[in-house]
Amino acid sequence: MALPTLSGEFGVVSDPEITFSTNGNARLKLRVIAKDRKRDTNGNWTDGDPWFGDVVVWGKTAEYLCDSIAKGDSIVIANAKAEQHKYTDKDGIEKTSSSFVAESVGVSTRWGSAKTQRVLDTQSAIGTALDSLGATEVPF
């Protein structure tokens, strides 16, 4: 049986935490919340029980996302995969934690607008073409 995946719109409940591995790879941890809306016995809409979870994003995506979101923002996650890992806490007790690893996360525009800023990687085909032309922006 395959591990579960996670997709949907979530609220960010704490500021993103970014760390870097010894080889410089960025790891961003997000604490998120999702709530279902349901009707009570009087027909009024109420929030259902909340679900809290941790989402991890790696690499350049983590760096870009860290600059783009903060506590209180809404994000959209597409197909994050479940992961489980064991660790030893400061008291020497072995524990297990789980999270979802996301490759694609975006800022939700449900409650407001969002602006993106394209970051050109000089190693990319576009970056190489721009350098060879002496251009400073993409011509399309």
Side-chain angles (χ1 to χ4, degrees):
M1 179 183 303
L3 290 174
T5 60
L6 179 74
S7 295
E9 187 171 355
F10 302 86
V12 179
V13 297
S14 60
D15 284 326
E17 299 173 22
I18 193 162
T19 56
F20 292 86
S21 66
T22 54
N23 65 358
N25 196 17
R27 178 185 184 272
L28 182 72
K29 179 183 170 190
L30 301 169
R31 184 79 174 150
V32 298
I33 184 173
K35 292 187 270 183
D36 204 9
R37 299 279 292 165
K38 56 185 175 183
R39 289 188 188 264
D40 63 17
T41 55
N42 297 325
N44 299 316
W45 286 101
T46 60
D47 285 335
D49 294 331
W51 174 87
F52 292 92
D54 292 325
V55 176
V56 174
V57 182
W58 287 93
K60 284 289 186 188
T61 303
E63 293 179 49
Y64 300 150
L65 191 58
C66 187
D67 291 338
S68 302
I69 62 170
K71 178 181 176 179
D73 288 343
S74 291
I75 60 173
V76 178
I77 299 171
N79 297 323
K81 296 178 183 174
E83 123 176 324
Q84 187 170 318
H85 50 275
K86 293 182 180 187
Y87 65 97
T88 304
D89 71 7
K90 63 182 179 181
D91 297 323
I93 299 170
E94 194 170 295
K95 295 186 174 185
T96 303
S97 71
S98 61
S99 60
F100 287 89
V101 177
E103 291 185 24
S104 181
V105 178
V107 177
S108 171
T109 56
R110 179 185 290 231
W111 308 112
S113 63
K115 293 274 188 194
T116 60
Q117 179 181 353
R118 181 175 299 270
V119 177
L120 293 177
D121 182 352
T122 57
Q123 302 300 318
S124 72
I126 293 174
T128 302
L130 290 176
D131 288 345
S132 67
L133 295 172
T136 57
E137 61 183 56
V138 179
F140 47 86

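Computed from a predicted model, the values in this text were never measured in an experiment.
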Quiz item: In Å and rounded to the nearest 0.5 Å, what is the OG to CD distance from S97 to E83?
Solution: 8.0 Å
Exercise. For F10 and A34, work out which heavy atoms get closest and say how close.
Key: CD2-CB, 3.7 Å
Quiz item: Is there a side-chain contact between V32 and W51 (heavy atoms, below 4.5 Å)?
Solution: yes
Quiz item: So, for S108 and V76, which heavy atoms are closest and what is the spacing to 0.1 Å?
Solution: CB-CG2, 3.9 Å
Practice problem: Would you indicate whether the side-chain heavy atoms of D73 and V107 approach each other to under 4.5 Å? | Solution: no
Quiz prompt | Salt-bridge criterion met for D49 and K35 (N-O under 4.0 Å) | solution = no
Quiz item: Between S74 and R110, is any pair of side-chain heavy atoms under 4.5 Å apart?
Solution: no
Quiz item: How far does CD1 of I77 sit from CD of E103, to the nearest 0.5 angstrom?
Solution: 12.5 Å
Quiz item: Does S98 reach the main-chain N or O of Q84 with its side chain, forming a donor-acceptor pair under 3.5 Å?
Solution: no
Exercise. Quick one: pull up OG1 in T88 and CD in E94 and give me the separation to the nearest 0.5 Å.
Key: 5.0 Å
Quiz prompt | N/O donor-acceptor pair under 3.5 Å between D15 side chain and A70 backbone | solution = no
Quiz item: Does any N or O in the side chain of N42 come within less than 3.5 Å of the main-chain N or O of N44, such that one atom is a donor and the other an acceptor?
Solution: no
Quiz item: Can you find a heavy atom in the side chain of T96 that is under 4.5 Å from one in the side chain of H85?
Solution: no
Quiz item: Roughly how far apart are W45 CH2 and K38 NZ, rounded to 0.5 Å?
Solution: 11.0 Å
Quiz prompt | Verdict with reasoning, I75 to V12, per side-chain contact (heavy atoms from CB on, under 4.5 Å) | solution = CA-CA 7 Å; I75 60 173; V12 179; 3.8 Å; yes
Quiz item: Do you know the tightest heavy-atom contact between A26 and E63?
Solution: CB-CG, 3.6 Å
Quiz prompt | Non-hydrogen atoms of A82 and L3 that approach each other most closely | solution = O-CD1, 3.4 Å
Exercise. Decide yes or no for I69 and L30: does some side-chain heavy atom of the first lie under 4.5 Å from some side-chain heavy atom of the second?
Key: yes
Quiz item: Any chain of hydrophobic side-chain contacts (each under 4.5 Å) joining F20 to V57?
Solution: yes
Quiz item: How long is the span from the OG atom in S21 to the CH2 atom in W58, to the nearest 0.5 Å?
Solution: 6.5 Å
Quiz item: So, does N23 use its side chain to make a donor-acceptor pair with the main chain of N25 at under 3.5 Å?
Solution: yes
Self-check item: Which atom of L28 lies closest to which atom of P16, heavy atoms considered
Solution: CD1-CB, 3.4 Å
Practice problem: Identify the two heavy atoms, one from A62 and one from I18, that lie closest to each other, and give their separation to 0.1 Å. | Solution: O-CD1, 4.0 Å
